[in-house]
Amino acid sequence: MAAPKKGRSASAQSKPGRSLALILIAIVALTGGMFLSGHTTPRLGIDLAGGTSITLEAKADQGSAINKANMDTAVEIMNRRVNGLGVSEAEVQTQGDRNIIVNIPKGTNSKEARDQVGTTAKLYFRPVLAQEATGAAAATESPSASSSSSSSASPSPSASASGTGEKATSTSSASPSSSATSQGRAVTDALKADSSPSASASASASASASASSSAATSDADAKIQAAYTALDCSKQAQRTKAGEGAKPADTTVGCGEISGVWYKYLLGPAAVAGTEVDKAQAVYDTQTAAGWQVTMDFNDSGAKKFADVTAQLAQNTQPQNEFGIVLDGEVVSSPYVSQSITGGQAQISGSFTQEEAQSLANMLSYGALPLSFQEQSVTTVTAALGGDQLHAGLLAGAIGLLLVVIYLVAYYRGLSVVAMASLLVSAILTYVLMALLGPAIGFALNLPAVCGAIVAIGITADSFIVYFERIRDEIREGRTLRPAVERAWPRARRTILVSDFVSFLAAAVLFIVTVGKVQGFAFTLGLTTVLDVVVVFFFTKPLMTLLARRKFFAGGHKWSGLDPKSLGAQPPLRRTRRTSAPAEPKEA
């Protein structure tokens, strides 16, 4: 008869102290980072802390109808610009047929968010008639520098249109001793060139037939000339009102910042609307070493208009060979044109950084809403109701936690100390990470997120229960505590990982397919599920290994929760050596 196999070692050689020290270091480091950042509390959502609510009304003044498709497109674009990574809890949703509501939680830069919403309405490509630096920079610019800069700005051979957001040239019509009179003459010449492109051909026409039209044009030119002369873009109050109320067909003024210097622009009627840009993206040109560029694709009507305007601009000298990309009155870029651009595609190249190219591409892509919007109201949402809801949610969580603790103490007795310590570590990690994620990715704790944290209590407690029951099963089979702890871990570990994977998968799917507040619930549920795995592996298991060496637990005290008698354990498995005896012959 073959000898029985030798049993494997009852306990694996583990180092629980190292795991406990590792998670303790992580807690100390994260807590220190939280205090150093100055954000010691999680950022609350608008339903708990209040915030700003903006109501926008759609206006069909861009040739587009107010319908569900256009409203949904506008909501999607605004949502991308305001929410950024998607967890800042800013809400963009329709209300009725014509309104869009934007809710911005407290703690978010509401002014910046309002600007992001407001600057997505009107985008136009306007020809530049005149351009000049304003403020202190205007006095320091020299005509010679302007001339050399203009002559050296040659387009790239492979570029259809080249330009830069860092241009530092003044208008070519400025004289060395630029005065109000010379500036006025330059603006007047630009306006004449714009309003009368075929003046020489029509010189022989009847003066009486065009007297009233000329008088009206003269008055308009005088007003826009005065506005351009008086404009100082270095002052924020004037920048805000520059071009206010101008229609797409009007000649207007605008401001733009280039390398920290504010320039004022005299802009002709809009040649192409932003709604005619299909797609824009930032790309890096590796072939000609031109650096970052912005590529644009126009639709059919936009391609024809863009080809016509670039053919005209290519014949002019700087700055009248430039077109200004104007976003709600501000010139975000003014590239110059070297040749007519056909085919519906164009490139804007220059000394762009990656951030500048991406920002311009976003403005071109997301700045062209199918509708324009007017801000109807801006209200501050009180947090009184949210405070009551937060109090009720925390009270519900405290009651649920108390019931879990009572159950653990009544059923597991001494083992409940391990469970409560693990819950405490999980709670600390969850709180610290929520506080750090607020300024890091814009995470805001709303009421559904609080519900997700409460649900996480049950998920975490379930992992402890699985492990404890595996240990008790080993003790029922007659093993002592130390080998029972090690033998129970592989079986419990598989169950815990499968359970947490299912919970995390559900949270991830919920986060992807939902928007708004429900994402807060999904994000919190996924975060706490990951932390549950970390706590069980690096805290609960090592702590249980250490306690198994203590007499109170190893001896099976009746209050330890591991009493073999109360668990109905079998007698210890003992192997006795059999005496050798001659084997009796078996019958056939």
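Positions are given from 1, in the same order as the sequence printed here. It should be emphasised that the depicted structure is a prediction, and the values quoted were computed from it without experimental measurement.
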Report summary line: Output for pair (L56 CG, I101 CD1), nearest 0.5 Å, gives 7.5 Å
Report task. Give a yes or no on whether the backbone of K264 and the side-chain of E132 come within a donor-acceptor separation of less than 3.5 Å. Result -> no
Query raised in the report: Going by distance alone, is a donor N or O of one side chain under 3.5 Å from an acceptor N or O of the other, for Y263 and T134?
Result: no
Requested in this report: Would you please name every residue forming a side chain to side chain contact (heavy atoms under 4.5 Å, CB included) with L437, sequence neighbours left out?
Outcome: I441, F443, F523, L527
Report task. Using a 4.5 Å cut-off on heavy atoms from C-beta on, say whether the side chain of T295 contacts that of Q345. Result -> no
Query raised in the report: So which heavy atom on T524 is nearest to which on G452, and how close?
Result: CG2-C, 4.0 Å
Query raised in the report: Stepwise, does the side-chain contact (heavy atoms from CB on, under 4.5 Å) test hold for V75 with I100?
Result: CA-CA 7 Å; V75 168; I100 289 181; 3.7 Å; yes
Report summary line: When rounded to the nearest 0.5 Å, the distance separating NZ of K223 from OG1 of T251 is 13.5 Å
Report summary line: Residues I66 and D97: closest non-hydrogen pair is CG2-O, 3.7 Å
Please set out all donor-acceptor pairs under 3.5 angstrom arising from side-chain atoms of residues 305-314, sequence neighbours excluded.
residue: K305; atom: NZ; partner: E276; partner atom: OE2; Å: 3.0
residue: D308; atom: OD2; partner: K304; partner atom: NZ; Å: 3.4
residue: T310; atom: OG1; partner: F306; partner atom: O; Å: 2.7
residue: T310; atom: OG1; partner: A307; partner atom: O; Å: 3.1
residue: T310; atom: OG1; partner: I341; partner atom: N; Å: 3.1

Query raised in the report: CZ/F323 to OG/S333 distance, rounded to the nearest 0.5 angstrom?
Result: 7.5 Å
Report summary line: CE (M296) and CD (Q281) are apart, to the nearest 0.5 Å, by 12.0 Å
Requested in this report: Using the test side-chain hydrogen bond (donor to acceptor under 3.5 Å, both in side chains), find all partners of D232 that sit at least two apart in sequence or belong to another chain.
Outcome: S234
**Report entry** Flag, side chain of Q519 to backbone of F511, donor-acceptor distance under 3.5 Å
**Finding:** yes
**Report entry** Heavy-atom donor-acceptor pair, R126 side chain to L267 backbone, under 3.5 Å
**Finding:** no
Query raised in the report: What are the two closest non-hydrogen atoms of F298 and A303, and how far apart are they?
Result: CB-N, 3.6 Å
Query - Reported CG-to-CG distance for the pair N316 and N321, which is rounded to 0.5 angstrom - result: 7.0 Å
Requested in this report: Provide the closest heavy-atom pair for A242 versus L231 in the form atom of the first, atom of the second, distance.
Outcome: CB-CD1, 4.1 Å
Query raised in the report: Does atom CZ of F504 have more than 12 heavy-atom neighbours from other groups under 6.0 Å away?
Result: no
Report summary line: What one should report as the nearest heavy-atom pair of A130 and P319 is CA-CG, 4.4 Å
Report task. Only counting residues at least two apart or in another chain, list the ones meeting side-chain hydrogen bond (donor to acceptor under 3.5 Å, both in side chains) with N99. Result -> none
Query raised in the report: Any side-chain heavy atom of V272 sitting closer than 4.5 Å to one from Y124?
Result: no
Query - Considering all heavy atoms, the nearest C255-Y265 contact - result: C-CD1, 4.4 Å
Query raised in the report: If you measure only the distance, is there a donor-acceptor pair under 3.5 Å linking the side chains of S301 and N299?
Result: yes
Report task. Kindly compute the distance separating CG (L510) from CG (L505), expressed to the nearest 0.5 Å. Result -> 11.0 Å
Requested in this report: Before giving the answer on side-chain contact (heavy atoms from CB on, under 4.5 Å), spell out for R43 and L445 the whole-Å C-alpha distance, their side-chain angles and the decisive distance to 0.1 Å.
Outcome: CA-CA 6 Å; R43 190 164 68 91; L445 185 66; over 6 Å; no
Requested in this report: Mind checking side chain to side chain contact (heavy atoms under 4.5 Å, CB included) for L436 and listing every partner two or more places apart, or none if nothing turns up?
Outcome: L30, M34, S37, V432
Report task. Not counting sequence neighbours, which residues clear side-chain hydrogen bond (donor to acceptor under 3.5 Å, both in side chains) with K68? List them please. Result -> D72
